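Given the structure is predicted, the values throughout are model-derived calculations rather than measurements. All values below were derived from every heavy atom in this structure, side-chain atoms included, with hydrogens, water molecules and symmetry-related copies excluded.
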Amino acid sequence: SPALLLQALLETGQPVFSSTTFAELQERLYRPKFDRYISIDHRKQLLHDISAIAYWVTVTNDIEQQTFSRDLDDDKFIHAALTAKTPWLITGDQDLLLMNLQVLSPTDALKLMPLN
């Protein structure tokens with residue numbers, strides 16, 4: 001589901017990133033566990049493509065000071081979503097999925113997206 005969702009976002013939507021959320025994506029995507037699924041060159045191209053079409057936000061201090069998740073490291077994703085006023089936050093993170101927000105799993109988000 002995450003790969004299909006990413007493809008759909010690149011074709012029909014616009015992912016939202018702050019510098020901190022993109023840095024986390026980049027760090028995670030370069031982990032060795034992904035080596036068998038995607039080459040380093042493909043990862044670089046993917047990050048370039050995502051960066052080029054992303055809606056970039058700068059989280060204000062008043063939003064950044066708010067806490068939402070029991071895992072405080074996850075708050076940066078909520079902060080970016082609030083700053084962009086996005087209709088959804090899409091994640092597989094169980095801490096965020098348990099919150100009382102409009103948070104969708106990748107599978108559920110795919111069901112709501114128009115696919116070609």
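Side-chain contact check for F68 versus L82: some heavy-atom pair is nearer than 4.5 Å.
Every pair passing ring-ring contact (aromatic ring centres under 6.0 Å, His included) that includes a residue from residues 18-47 is listed here, sequence neighbours excluded: F17-F22, F22-W56. Listed by first and then second residue, the salt bridge (Lys or Arg N to Asp or Glu O under 4.0 Å) pairs that reach into residues 43-53 are D35-R43, sequence neighbours excluded. Contacts classified as salt bridge (Lys or Arg N to Asp or Glu O under 4.0 Å) and involving residues 51-63 (residues at least two apart or in different chains) are not found.
Residues that satisfy the side-chain hydrogen bond (donor to acceptor under 3.5 Å, both in side chains) test with R28, not counting sequence neighbours, are E24. Partners of R31 by salt bridge (Lys or Arg N to Asp or Glu O under 4.0 Å), not counting sequence neighbours, listed by chain and number: E27. Taking the side-chain hydrogen bond (donor to acceptor under 3.5 Å, both in side chains) definition, one finds that D71 meets it with nothing, sequence neighbours left out. With sequence neighbours left out, E64 forms a salt bridge (Lys or Arg N to Asp or Glu O under 4.0 Å) with no residue at all. Here S18 pairs with T20, T21, V57, V59, A80 under the side chain to side chain contact (heavy atoms under 4.5 Å, CB included) rule; sequence neighbours left out. Scored by the side chain to side chain contact (heavy atoms under 4.5 Å, CB included) test, S19 finds no partners at all (sequence neighbours excluded).
One distance of note links CZ of R36 with CD1 of I38; it measures 13.5 Å at 0.5 Å rounding. Taken to the nearest 0.5 Å, the CD atom of E11 stands 10.0 Å off from the CD1 atom of I53. For the atom pair CG (D74) and NE2 (H79), the distance works out to 10.5 Å, reported to the nearest 0.5 Å. Here the straight-line distance linking atom CD1 of I63 with atom OG1 of T83 works out to 3.5 Å at 0.5 Å rounding. Note that CG of L46 and CD of Q26 are 11.0 Å apart. Values are rounded to the nearest 0.5 Å.
Judged by distance alone, the side chains of D41 and Q45 never bring a donor and an acceptor atom under 3.5 Å apart.
Considering every non-hydrogen atom in both D75 and S69, the closest pair reads OD1-N, 2.8 Å.
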